[in-house]
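Structure first, commentary second.
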Amino acid sequence: MALKYWFEFKDVKAIVHRVEISDATFVGSSTQVFGSCSLEYSETKDTLEPVRGSGLRIDLEANSALTFYDLYSEEERTFSVLYKRNNEILFNGWLSPEGIYESLVTDKWVISLDCTDGLGFLANLSYVEDATGLNFVGKQSLLEIVSNCLKRTKTPQNILTSVNIYYNGLSQSLNPFANVYFNANRFVKEDKGDTYMNCEEVLKSVLEPFGAVLTSYKGEWLIYKPNSLVDSSSQVFFAYNSLGVALSPASRTIDFVLDLGSQIDAYYPHHVNGNQQKTIKSSIGAYRINYKYGLIKSFFTNLFLENIAGVVDEWTIQDGTFLSFPASNKGLILESSDNLNLTDVIIYSNSFFNLKADDSITFTTIIRTIFIDGSIDSRCIFKVRLNSYFLDFNGNWTTNNEGFFVQSSVKSDITYSLNSQPLPEDGSVYIEIYRPYQIEDVNNNVLIKECNIKPYSDNLSILKGENHTFQRTLKPSSKIKDIKTVFNGDNESDAYAGAIYKADETTTTNSWTRKNQSETKPLLQIMGEERMKMYSKPLQVYKGDVYGYFNYLSLVTINGLTGKFMPTTYSYNALSNITSLELTEVLNTDILSDVLYELTFDYGNVVEPTIKG
């Protein structure tokens, strides 16, 4: 970025503030202008709100010779804005041209322009690859998903993470974000065909189960847990660049402590303007999380059997003697035999799908006979295997090791589909493709254009998901939190897109623990417990002005009040050195012996939880 405009000013404490406005296409010398600024964060009523955007309001002195009309652009991310206080980055984002005007009655005027860190753009940007616009496929780590979303802001900043929740078996010295995987197709909206979730929806979807919050902090993206800060204000964060590559050193410790009080007691920052007040926010008595499973569309991503230099992703070639590839490199050409031989395995799938007893699948393929010197159609042999069971041509699971055949045609593509009966036991399913055969000695080939397995939705669609319900059993509040819908959680079957995977990208998760705990619980149970802990009693809410700067991401103690607080509204006027804010109490009270947890299954009739007793 080339620097176009800049201004500096000193606040009432003589601290230097600097704002820089840059444009990648600008050529020439930068211009010093005059102005001031205010740093703001989006208002929230919930300390567990997962995405917290920041903004910068800049006031510029304009005149008839300097109208700032050149800052107008139809592209929102043309002019980058950097704000430093005492040479420390507090804001990195983009200028919005709204607010530019020219006075017709005076030769000097002040314009106010808004800037955003880019998180506000995400609600309008689909979760696709930033450079190409292509959709993501396969499994992605949580870190990769967060990085992909933040790339869409066009605000390249380091990413720091600290969530302290681990699936059982994951070393607590490792970062869960780099070792937990999600299905990319989970972020396609089921009710809208191929419409992708926007990046804000995706971020919320993956952060909420961990009780994690994303915001900007001193020119970096920080992902933290408010519950964890209550018990330990100093946190160790794993550090990555904007692409998700580990930095060196790989971790960083940040202390968020801030003490606030009156000037008469020698505090700085301190209360100012005499507008301080305290209110109370009620606790919650019941809460429900509704986990939507979502069926995956396919167990394979390489549906068209595309090869690169003879390697077919998701498949292993066992005998390439009778195998070749079309010029398009999509599909398999198998040379037919005039003998049926159930030992001539040509190729088999090496993508294994973990399925549960009573799941059902659909096998599909598209094949065609390639005419060489005869007009005889060929029969292509497939075996779909589950442990010691084989799928037969009626969709039954049998121990008869014969498989089934699909008759190809020299006239047109043949699309074949076979629905299975429910699986007789848990296990992994894979496909073997054998050499085709025909009843006469001719030299025809079979082109397999597609081969796929997907969940059989007619059998699986009855079960929609899970309900995780939490209720205080002693003296509950009558307030019931709105049902929270989530799209990812534990699941032992690969048939569901919402399943979460361990670092091997194959094994699904089923139990988790918080740092230094010995518990074994579903992730969504931990999610619900942490919300119940945060709202375990009526919360104190402090509101008023403070003289002095402190970072939005601070854990605040207030002289004369018990408890710890975090900002839920925040606006820092740099020129006057006054921060207007609302602080909400944060808790991590151990009330789990007083919380009744119930897991039920969702068959499409989710209702609000009610208080019992």
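Scope of the values below: all heavy atoms of this structure, side chains included, with no hydrogens, waters or symmetry mates. Note that this is a predicted model, so its numbers are computed, not measured. Along the sequence shown, residues are numbered consecutively beginning with 1.
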Can you name the nearest heavy-atom pair linking His468 to Leu599, along with the distance? CE1-CD1, 3.6 Å
When you measure from the side chain of Asp602 to the backbone of Glu466, do you find a donor-acceptor pair of N or O atoms at a distance under 3.5 Å? no
For residues Phe353 and Phe300, establish whether the separation of their ring centroids is below 6.0 Å. yes
So that I know where these two stand, are Phe237 and Tyr224 an aromatic pair - ring centroids less than 6.0 Å apart? no
What's the spacing between Leu447 CG and Asp413 CG if we round to 0.5 Å? 7.5 Å
Residue pair Glu402 / Asp392, side-chain heavy-atom distance below 4.5 Å: no
List the atom of Val128, the atom of Asn135, and the distance in Å for their closest heavy-atom pair. CG1-CA, 4.3 Å
Gly244 and Leu143 have their tightest heavy-atom pair at O-CD2, 3.5 Å
Of the non-hydrogen atoms in Ile165 and Arg514, which two are nearest, and what is the gap between them? CG1-CG, 4.2 Å
If I take atom NZ from residue Lys151 and atom CG from residue Leu125, how far apart are they, to the nearest 0.5 angstrom? 14.5 Å
From CA spacing to verdict: side chain to side chain contact (heavy atoms under 4.5 Å, CB included), Thr362, Leu418: CA-CA 6 Å; Thr362 296; Leu418 176 62; over 6 Å; no
In this structure, are over 12 heavy atoms from other groups packed under 6.0 Å from Lys521 atom NZ? yes
Distance alone, cut at 3.5 Å: any donor-acceptor contact between the side chains of Lys383 and Asn401? yes
Quick check against the 3.5 Å criterion: does Glu314 have a side-chain atom that pairs as donor or acceptor with the backbone of Asn302? yes
Distance only, no hydrogens: is a donor on one side chain within 3.5 Å (strictly under) of an acceptor on the other, for Asn452 and Lys454? no
If we ignore angles and hydrogens, is there a donor and acceptor under 3.5 Å between the side chains of Asn488 and Ser205? yes
Residues Tyr496, Asp359; criterion side-chain hydrogen bond (donor to acceptor under 3.5 Å, both in side chains); working and verdict: CA-CA 10 Å; Tyr496 298 105; Asp359 285 350; 4.5 Å; no
Approximate separation, where rounding is to 0.5 Å, of Asn185 CG and Thr301 OG1: 9.5 Å
Got a salt bridge between Asp590 and Lys533, using NZ or NE/NH1/NH2 to carboxylate O under 4.0 Å? no
Please tell me if the side chains of Ser328 and Phe304 come closer than 4.5 Å, counting only heavy atoms from C-beta onward. no
Mind checking whether Leu203 and Leu122 have side chains closer than 4.5 Å, heavy atoms only? yes
Taking the six-membered ring for Trp, are the ring centroids of Phe210 and Trp512 within less than 6.0 Å of each other? yes
Would you say Glu129's side chain and Ala131's backbone share a donor-acceptor pair under 3.5 angstrom? yes
For side chain to side chain contact (heavy atoms under 4.5 Å, CB included), just list the numbers for Val486 and Asn290, CA-CA rounded to whole Å, side-chain angles, deciding distance to a tenth of an Å, and then say yes or no. CA-CA 6 Å; Val486 299; Asn290 178 226; over 6 Å; no
Between Ser378 and Thr369, do the side chains contain a donor N or O and an acceptor N or O under 3.5 Å apart? no
Main-chain N/O of Glu144 paired to Ser147 side chain as donor or acceptor, under 3.5 Å: no
Under the 3.5 angstrom rule, does the side chain of Thr316 hit a backbone N or O of Asn350 as a donor-acceptor pair? no
If you draw the axis of the six-membered ring of Phe322, does the NZ or CZ of Arg435 fall within 45° of it and under 6.0 Å from the ring centre? yes
Salt bridge or not for Glu505 and Lys139, using N-O below 4.0 Å? no
Give, for atom CG of Asn396 and atom CD of Gln421, the distance between the pair rounded to the nearest 0.5 Å. 5.5 Å
Do the ring centers of Tyr196 and Phe187 come within less than 6.0 Å of each other? no
Counting N and O atoms only, with roles assigned by atom type, does the side chain of Asn491 sit under 3.5 Å from a partner on the main chain of Ser493, one being a donor and the other an acceptor? yes
Taking all non-hydrogen atoms of both residues, which atom of Pro226 and which atom of Met534 are closest, and how far apart? CB-CE, 3.8 Å
When you measure from the centre of the six-membered ring of Tyr293, is the NZ or CZ of Lys464 under 6.0 Å away and within 45° of the axis? no
Is there side-chain contact between Asp344 and Asp319, with heavy atoms separated by less than 4.5 Å? no
Residues Lys204, Glu49: salt bridge by 4.0 Å N-O rule: yes
Taking the six-membered ring of Phe487 as reference, does the NZ or CZ atom of Arg186 fall below 6.0 Å from its centre and within a 45° cone about the axis? no
Aromatic contact between Phe382 and Tyr434, with the criterion being ring centroids under 6.0 Å apart: yes or no? no
Chi angles and distances behind the ring pair (Phe, Tyr, Trp, His ring centres under 6.0 Å) call for Phe136, Tyr127: CA-CA 8 Å; Phe136 295 106; Tyr127 182 65; 4.7 Å; yes
So do the side chains of Leu48 and Arg531 get within less than 4.5 Å of each other, counting heavy atoms only? yes
May I ask you to decide if Thr473's main-chain N or O and Asp594's side chain share a donor-acceptor pair within less than 3.5 Å? yes
Under 3.5 Å donor-acceptor, Asn510 side chain and Asp490 backbone: no
Pairwise distance OG(Ser232) to CG(Asn227) - rounded to 0.5 angstrom: 13.0 Å
So, Ser408 versus Arg368: side-chain donor-acceptor pair below 3.5 Å or not? no
Would you say that more than 12 heavy atoms from the other residues, nucleotides or ligands in this model lie under 6.0 Å from the NZ of Lys330, or not? no
For Ala499 versus Tyr291, what's the shortest heavy-atom pair and its separation? N-OH, 3.6 Å
Walk me through it: do Ile289 and Met527 pass the test side chain to side chain contact (heavy atoms under 4.5 Å, CB included)? CA-CA 9 Å; Ile289 300 168; Met527 172 188 171; 3.7 Å; yes
Main chain of Asp426, side chain of Asn387: is a donor-acceptor contact present, judged purely on distance under 3.5 Å? yes
Using side chain to side chain contact (heavy atoms under 4.5 Å, CB included), reason through Leu523 and Ile500 one step at a time and then give a plain yes or no. CA-CA 10 Å; Leu523 178 61; Ile500 301 175; 3.8 Å; yes
Phe177 and Val146, any side-chain heavy atoms less than 4.5 Å apart: yes
Just checking, is any N or O donor in the side chain of Asn175 or Tyr240 under 3.5 Å from an acceptor N or O on the other one? yes
Looking only at atom types and distance, does a side-chain atom of Asn198 sit under 3.5 Å from a main-chain N or O of Glu200, one as donor and one as acceptor? yes
Say you draw a straight line from CG of Leu524 to NZ of Lys484; how long is it, rounded to the nearest 0.5 Å? 12.0 Å
Given side chains that start at C-beta, do those of Val429 and Leu423 come closer than 4.5 Å, heavy atoms only? yes
Among Phe404, Tyr456, Tyr430, whose ring-ring contact (aromatic ring centres under 6.0 Å, His included) with Phe363 holds? Phe404
For a 4.5 angstrom cut-off between non-hydrogen side-chain atoms, does Leu334 reach Asn445? no
For the CD1 atom on Ile308, are there more than 12 heavy atoms of other groups (residues, nucleotides or ligands in this structure) within a distance under 6.0 Å? no
